[in-house]
Each structure stands twice: as structure tokens, then as C-alpha cells.
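Chain A is the first sequence line, chain B the second, and so forth, proteins listed ahead of strands; every chain is numbered from 1.
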There are 2 protein chains.
Amino acid sequence: MDFSVQIREKGLKVTPARLSVIEVLSEGNQAFAHAELEKIFDTMDRVTLYRILNDFEYVGLVHKIVDAEGITRFALCKKSCPDKHHTDDHVHFNCQICHKMFCLDKVHEPQINLPNGFKAERLQTLIYGLCNSCNAA
Amino acid sequence: MDFSVQIREKGLKVTPARLSVIEVLSEGNQAFAHAELEKIFDTMDRVTLYRILNDFEYVGLVHKIVDAEGITRFALCKKSCPDKHHTDDHVHFNCQICHKMFCLDKVHEPQINLPNGFKAERLQTLIYGLCNSCNAA
DNA sequence: CCTATCTTTGCAACAAAGTTGCGTTTAGAT
DNA sequence: ATCTAAACGCAACTTTGTTGCAAAGATAGG
């Protein structure tokens, strides 16, 4: 996995800041909140982090998930998402114990029947519960 | 529908502010954002509105939904939700044209198979698309 | 109907989350 | 090595939500 190539392919310049962000995001199958990343990169400017994440989302390197508490998290896209409006077609799981947010890439969004006249364009499923490691403990 | 009774039954005092909030929330099948309600009740203090909504949620008169953009909305519960942690077991629909958020009371949350070890406690489905009136137009 | 008490309200101040503008630095193409 | 557009850091600002406290209001009891 050469992140430099991925970044450059999306038309963004490769910088140390961007590389370190994408590296952290690639660890585990998790989505990270801005606050968490801010702690990890304690020397990086808050604004720079916001811009890196938003740029990454814009070009389709990461996707954004907002949980029921309104906390925004970012996760690396697996296959390159189509630019801009990418429908991350998988379910997200938020553990109530460790509070990690997982991308369940293999669990796809369900089919849902809507009332007459309603037309679905995009779906987002968020599941709360116990993740595999917290459940075992 | 006597809202006064509902409010008093939940152990809250009946005040003009609370009555007007619950009346607006009962219009249509929609969820209202704080910002929208603030415009409607332009004389009411911002903090009071926050407290009314939070109190209503706490006692189970309304439920809270956060959309993919992180906007928090409040909707009246149909059957009285169980106090505190009420799982509003219905799907929410956000129209991309009129930006209204609808509670599709008759569309229940789907069943989803999780990977081994994961245990679902609560589910939240959010659908984006065209609502019946915007779709017709 | 009046009073006492506990709740609710309004105000001010604060905290967290996110955005914008601008001057400086840096990536990378020539 | 030079040049230019992109990225960064800083300061300031907006939006969203919370907390403490004094004043006003709801309702149960006399």
C-alpha cells in the first residue's frame, strides 16, 4: 500500500501531514473522530486537520459518518469510492463499550420498502451494540 | 389530544413555552431542527428551547435524530416511548429537495446479520431521497 | 384565594466543533 | 535551481450546545 501514490492519483499533493493522517486511518477497520486524531497529531494545527479530512472526503479517499450523538468520524474507503458523493455501501457499527466505530465492509445496506411516492437515493445504517472484542470480554 | 395532560403525566410542569413547542412538533410527521424551532419561537430564549427539547426527550415525549450532516432534529413520539432510552423503532427519511425529515412510523428497522461476535443493541436507519410531495413535483 | 416550594425561564458566560481569510511555506513541474 | 499553485499555520469568527445563577411562574396545601 503506497499511500503517496493514492494521494497523488487523486490530484492532491503528498505532504507529511497528509501521509501521517492516512496512515493512522488505515489502522484497523475503524472510523476516527476529529478529536481523536487531534490528540494523535498534537502538533498539527486543528484547521489543517479539518482541511485534510475534508479534502480526503472530497476526492473519495475517506468517508464521513455521523453517529446518533452527532460525533463525526472519518474512515478510509476500501475500494476507491467514486469521487465526491460516494455511497459507502456498508453498515457502520458503534460499540457501546469501547466507543469505536467499525466499518462492516461485508455487511451491505439492506433493501427497504418505502411508502408510495418516496424514492430512496442513499441509505445509511448505524448499529449500536457490542463489538466482537468487548463482547468476548 | 390534550398536550397539557401528556406533559403533566410525564412529571413536567405545563408552561406556555412547553405547550407551544409540543404543538409545533405535532404538525405533520416531521422532525424539527433546533435552528428551525428557534426561528418559529423567535422570542423564546435559545437555552430554554434546548432545555425543553432535552427534557421532552428525557421523559420520552420526543426522540432525537441526527442526520448524515450532523444536524440534530426532534420529533414527537407517537405511542409514548419508554422513558429515557427509547428505541424509536422506525426508519427516518430525509428529503434532498425540501430537507424535511420524516418519521416513517410504519416502516420498521430491518433485520441485519452481523459478523461473528458482534451484538446489536439498537439500530438506526436513515434514508435520503425524494419525499412524496417533492417526487410528484 | 393565598402562600410556600420547587420548577422553569432568561441572561451571561463558557465550551466544543467547524469555517474563513490571509500571509508564509512547500511540493513538484519546468 | 526556479517558479507557481497548493498546502499550512495562525487569528478570528460562527454555530451548536452547556452551565450557573437570580428572577419569575406553576401547582399542591392550607
Checklist line | Of B/Pro16 and B/Arg46, the one whose closest DNA chain C nucleotide lies more 5' | finding: B/Pro16
Next item on the list: Output the distance between atom CD (B/Gln96) and atom CG (B/Asn94), rounded to the nearest 0.5 Å.
Entry: 8.0 Å
Next item on the list: Could you tell me whether A/Val47 contacts a base, only the sugar-phosphate backbone, or nothing, with contacts defined as non-hydrogen atoms closer than 4.0 Å?
Entry: base
Note to self: Could you tell me how far apart B/Tyr50 (OH) and C/dT8 (C1') are, to the nearest whole angstrom?
What the structure shows: 18 Å
Next item on the list: Check whether any side-chain heavy atom of B/Arg51 lies under 4.5 Å from a side-chain heavy atom of B/Leu49, and answer yes or no.
Entry: no
Check: Atom CG of A/Leu53 to atom P of C/dA17: distance rounded to whole Å?
Finding: 14 Å
Margin query: Taking 4.0 Å as the cut-off, does a side-chain nitrogen or oxygen of A/Thr15 come that near to OP1 or OP2 on D/dA6?
Written below: no
Margin query: In this structure, is the centre-to-centre distance between the rings of A/Phe102 and A/His92 below 6.0 Å?
Written below: no
Margin query: Return whichever of A/Gly11 or B/Gly70 has its heavy-atom-nearest nucleotide of DNA chain D closer to the 5' end.
Written below: A/Gly11
Notebook entry, point to check: Within this structure, what is the CG-to-P distance between A/Leu49 and D/dC10, rounded to whole angstrom?
Noted result: 14 Å
Check: Distance-only, no hydrogens or angles: does the A/Tyr128 side chain make a donor-acceptor pair with backbone N or O of B/Gln124 under 3.5 Å?
Finding: no
Check: Rounded to whole angstroms, how far apart are CG on B/Asp55 and P on C/dT9?
Finding: 8 Å
Checklist line | Distance flag, aromatic centroids of B/Phe93 and A/Phe118, threshold under 6.0 Å | finding: yes
Checklist line | Whole-Å distance separating the CZ atom of A/Phe3 from the P atom of C/dA27 | finding: 19 Å
Note to self: Please determine whether a side-chain nitrogen or oxygen atom of A/Asn54 lies at a distance below 4.0 Å from atom OP1 or OP2 of C/dG18.
What the structure shows: no
Margin query: Once you apply a heavy-atom cut-off of 4.0 Å, does A/Arg18 come out as touching a base, just sugar-phosphate, or nothing?
Written below: sugar-phosphate
Check: According to a strict under-4.0 Å criterion, is A/Thr48 in side-chain N/O contact with OP1 or OP2 of D/dA7?
Finding: no
Margin query: Between B/Ile71 and A/Leu12, which residue's closest nucleotide on DNA chain D lies nearer the 5′ terminus?
Written below: A/Leu12
Checklist line | Protein-nucleotide distance (B/Glu69, atom CD; C/dG18, atom C1'), rounded to Å | finding: 14 Å
Check: For DNA chain C, which residues in residues 31-45 of chain A have a heavy atom at a distance below 4.0 Å?
Finding: none
Next item on the list: Answer yes or no on whether B/Arg73 is positioned over the face of B/Phe32, meaning its NZ or CZ is under 6.0 Å from the six-membered ring centre and within 45° of the axis.
Entry: no
Check: OP1, OP2 of C/dA17 versus side-chain N and O of A/Thr72: anything below 4.0 Å?
Finding: no
Notebook entry, point to check: Ignoring hydrogens and angles, are the base of C/dG10 and the side chain of B/Arg51 linked by a donor-acceptor pair under 3.5 Å?
Noted result: yes
Next item on the list: Decide, yes or no, whether a salt bridge links B/Lys10 with B/Asp55 under the criterion of side-chain N to carboxylate O below 4.0 Å.
Entry: no
Notebook entry, point to check: Does a side-chain N or O from B/Arg8 land closer than 4.0 Å to OP1 or OP2 of D/dA26, or not?
Noted result: no
